[in-house]
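This report refers to the structure that appears directly beneath it.
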Amino acid sequence: MLGGEIARNRYGEFLVARQWYSSPERCGADTEVLRLLLSANSELTEWELQRAADPEKWLLLDTETTGLVGGTGTYAFLIGLAWWESGGIRIEQLFMRDHDEEHSILLELADRLAERPVLVTFNGKCFDWPLLQNRFRMTRQIATPAFAAHLDLLHPARQLWRLQIGSVRLTELEQYVLGAESLGWSRRNDIDSSRIPEFYFEFLRGVAIDGIAGVFHHNRMDLRGLAALAGRIFRMLSQLEGGEQEPLELYAISHLLNRRGECSKARRVYERCLSMKLPEPIARRARNEAARLAKRERDFGRATELWNELASSSEP
DNA sequence: AGAAGGCCTGTTCAGGGAGA
DNA sequence: TCTCCCTGAACAGGCCTTCT
């Protein structure tokens with residue numbers, strides 16, 4: 001029912017389920033966009049950045065756990081991994097059928113990370129990775145693997161779409177940004193994620209297996225959603241001039257560029273979104289920022305023009 | 001429910017330019 | 001040369017959001 005097979009390494013057995021999907025397609029990446037997406041305090045050298053911008057080195061990760069609370073009592077019982085392969089996406093799910101299989105799935109994760117050392121997650125900086133770090137430490141035998149870079153898409157997604165859709169949960173992004181229909185799967189039969197721990201405990205007690213099958217399915221959709229999101233973000237940010245972004249998306253991109261210190265690019269994008277139909281409060285913010293950047297670039301004529309427009313508009 | 005990254009806002013301070 | 005003002009950087013504190 002889980003569609004997996006028994007695998008073995010030096011710490012013992014575990015269950016692994018493997019699938020390949022033709023979508024989402026491999027994501028294109030470049031160093032400029034990656035620099036924008038990595039958090040401001042990530043200090044990669046140019047060489048490390050170039051290496052990290054190779055999607056062949058990316059390992060998408062999403063874990064299912066026995067709870068949200070960190071600490072020693074929470075296990076990552078299912079480690080979902082994905083990478084691009086043969087024009088599509090390969091998914092590998094490492095599952096511990098009992099607590100004594102934890103060492104073997106952690107070792108497997110460490111091996112995968114050695115092959116693909118760029119970690120891609122959604123909220124993984126706050127949730128998945130600290131929890132896994134904790135689990136590695138608890139083994140006292142397997143060193144916490146190092147990665148070359150950690151690309152957490154939650155924060156870029158929030159910057160890009162919060163204005164447009166409010167909540168930027170992965171499922172909301174799939175529905176309103178990526179387009180659930182075009183993704184090729186539906187969340188209609190998805191489980192309620194708050195019941196994930198309960199399904200695992202049922203499995204451990206041997207009560208029911210269909211709940212845990214739902215968890216596997218949920219995890220695969222999260223990984224595919226994450227892959228699709230990565231593709232979408234990289235496409236959007238690499239086509240700043242000629243892309244077909246929504247006005248609010250464009251505003252969000254300019255704001256992102258501005259905060260990352262890319263002033264000239266930010267100004268061009270502010271100007272581009274001002275030529276589109278923006279809600280008035282956002283248009284005012286865009287005008288104000290564009291004016292500030294124009295002044296900074298000593299384009300006083302344009303800065304004055306924008307401030308005059310602001311002064312003559314009705315809002316205070 | 002717990003953790004933590006990042007954003008937002010406000011404050012402080014240093015440095016540079018203009019004017020007396 | 002001194003003073004004042006403006007700007008930008010740095011920092012702190014509070015808040016929000018996401019994950020299972």
Side-chain angles (χ1 to χ4, degrees), chain A residues 36-43 60-80 93 95-96 119-135 137 149-177 187 190-204 211-212 214-223 225-226 229 251-263 266 281-282 285 288-289 291-298 300 303 307:
Chain A
L36 273 179
L37 295 179
L38 288 171
S39 69
N41 53 16
S42 140
E43 292 175 3
L60 285 68
L61 173 126
D62 179 56
T63 60
E64 309 305 331
T65 70
T66 56
L68 280 182
V69 185
T72 54
T74 305
Y75 290 79
F77 64 84
L78 179 67
I79 302 176
Q93 295 170 293
F95 179 62
M96 58 184 220
L119 201 56
V120 182
T121 59
F122 192 78
N123 198 30
K125 274 193 176 166
C126 289
F127 184 72
D128 304 78
W129 192 247
L131 191 133
L132 286 167
Q133 266 183 315
N134 205 15
R135 298 319 307 171
R137 282 195 206 106
H150 186 170
L151 184 56
D152 187 343
L153 297 183
L154 166 65
H155 301 290
R158 186 177 286 155
Q159 288 176 317
L160 291 170
W161 292 294
R162 189 184 51 181
L163 267 177
Q164 222 174 325
I165 65 171
S167 163
V168 293
R169 286 193 192 91
L170 190 55
T171 49
E172 309 277 339
L173 289 165
E174 280 177 21
Q175 190 173 351
Y176 300 109
V177 175
R187 292 268 185 180
D190 195 13
I191 54 166
D192 172 2
S193 58
S194 66
R195 298 188 63 197
I196 288 171
E198 173 191 330
F199 290 138
Y200 183 58
F201 294 131
E202 277 179 4
F203 169 84
L204 287 183
I212 204 72
V215 175
F216 272 68
H217 180 62
H218 169 85
N219 182 252
R220 287 194 293 273
M221 285 194 289
D222 276 357
L223 286 164
L226 177 63
L229 182 66
Y251 171 77
I253 293 171
S254 49
H255 191 60
L256 176 73
L257 289 164
N258 197 7
R259 292 200 68 88
R260 291 283 193 267
E262 298 276 353
C263 300
I282 305 297
R285 275 150 71 176
N288 192 32
E289 280 306 311
R292 200 179 61 79
L293 294 172
K295 180 185 160 226
R296 192 174 164 151
E297 292 185 331
R298 311 190 74 76
F300 300 119
W307 279 320

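So you know, we letter chains A, B, ... as the sequences are listed, proteins then strands, and number each from 1.
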Query raised in the report: Any chance the rings of A:F216 and A:F95 have centres within less than 6.0 Å?
Result: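 Between A:F216 and A:F95, the centre distance is under 6.0 Å.
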Requested in this report: Check for a donor-acceptor pair, side chain of A:N258 on one end and backbone N or O of A:A266 on the other, with a separation under 3.5 Å.
Outcome: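 Side chain of A:N258 to backbone of A:A266, a donor-acceptor pair under 3.5 Å: no, none is there.
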d([atom1], [X]; [atom2], [N]) in whole Å:
{"X": "A:I212", "N": "C:dT20", "atom1": "CD1", "atom2": "P", "value": "13 Å"}
{"X": "A:N123", "N": "C:dT18", "atom1": "CG", "atom2": "C1'", "value": "4 Å"}
{"X": "A:E198", "N": "C:dT20", "atom1": "CD", "atom2": "C1'", "value": "12 Å"}
{"X": "A:L68", "N": "B:dA1", "atom1": "CG", "atom2": "P", "value": "12 Å"}
{"X": "A:F127", "N": "B:dA1", "atom1": "CZ", "atom2": "C1'", "value": "12 Å"}
{"X": "A:W129", "N": "B:dA3", "atom1": "CH2", "atom2": "C1'", "value": "17 Å"}
{"X": "A:D222", "N": "C:dT20", "atom1": "CG", "atom2": "P", "value": "5 Å"}
{"X": "A:Q159", "N": "B:dC8", "atom1": "CD", "atom2": "P", "value": "8 Å"}

Indicate whether OP1 or OP2 belonging to [N] is found under 4.0 Å from a side-chain N or O atom of [X].
{"X": "A:K125", "N": "B:dG6", "value": "yes"}
{"X": "A:H155", "N": "C:dC16", "value": "no"}
{"X": "A:S193", "N": "C:dC19", "value": "no"}

Query raised in the report: Under the side chain to side chain contact (heavy atoms under 4.5 Å, CB included) criterion, do A:M96 and A:Y200 qualify, and how do the steps go?
Result: CA-CA 10 Å; A:M96 58 184 220; A:Y200 183 58; 3.7 Å; yes
Query raised in the report: Base, sugar-phosphate, or nothing for A:D128, non-hydrogen atoms under 4.0 angstrom?
Result: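 It contacts nothing in the nucleic acid.
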Requested in this report: Check every strand shown and say whether A:T63 touches a base, only sugar-phosphate, or nothing at a heavy-atom separation below 4.0 Å.
Outcome: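 Since only primed, P, OP1 and OP2 atoms lie under 4.0 Å of A:T63, the category is sugar-phosphate.
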If you define the side chain from C-beta out and look only at heavy atoms, does anything of [X] sit under 4.5 Å from [Y]?
{"X": "A:L226", "Y": "A:L61", "value": "no"}
{"X": "A:F127", "Y": "A:D152", "value": "no"}
{"X": "A:I212", "Y": "A:E202", "value": "no"}
{"X": "A:Y251", "Y": "A:L163", "value": "yes"}

**Report entry** A:R158, nearest nucleotide to its side chain (from C:dT20, C:dC19, C:dT17)
**Finding:**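 Selected nucleotide: C:dT17.
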**Report entry** Structure string for DNA chain B in dot-bracket form, Watson-Crick and G-U at under 3.5 Å, | interchain
**Finding:** .|||||||||||||||||||
Requested in this report: Could you check A:V215 against A:R162 and say which one's nearest nucleotide on DNA chain C is further toward the 5' end?
Outcome: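 So the residue in question is A:R162.
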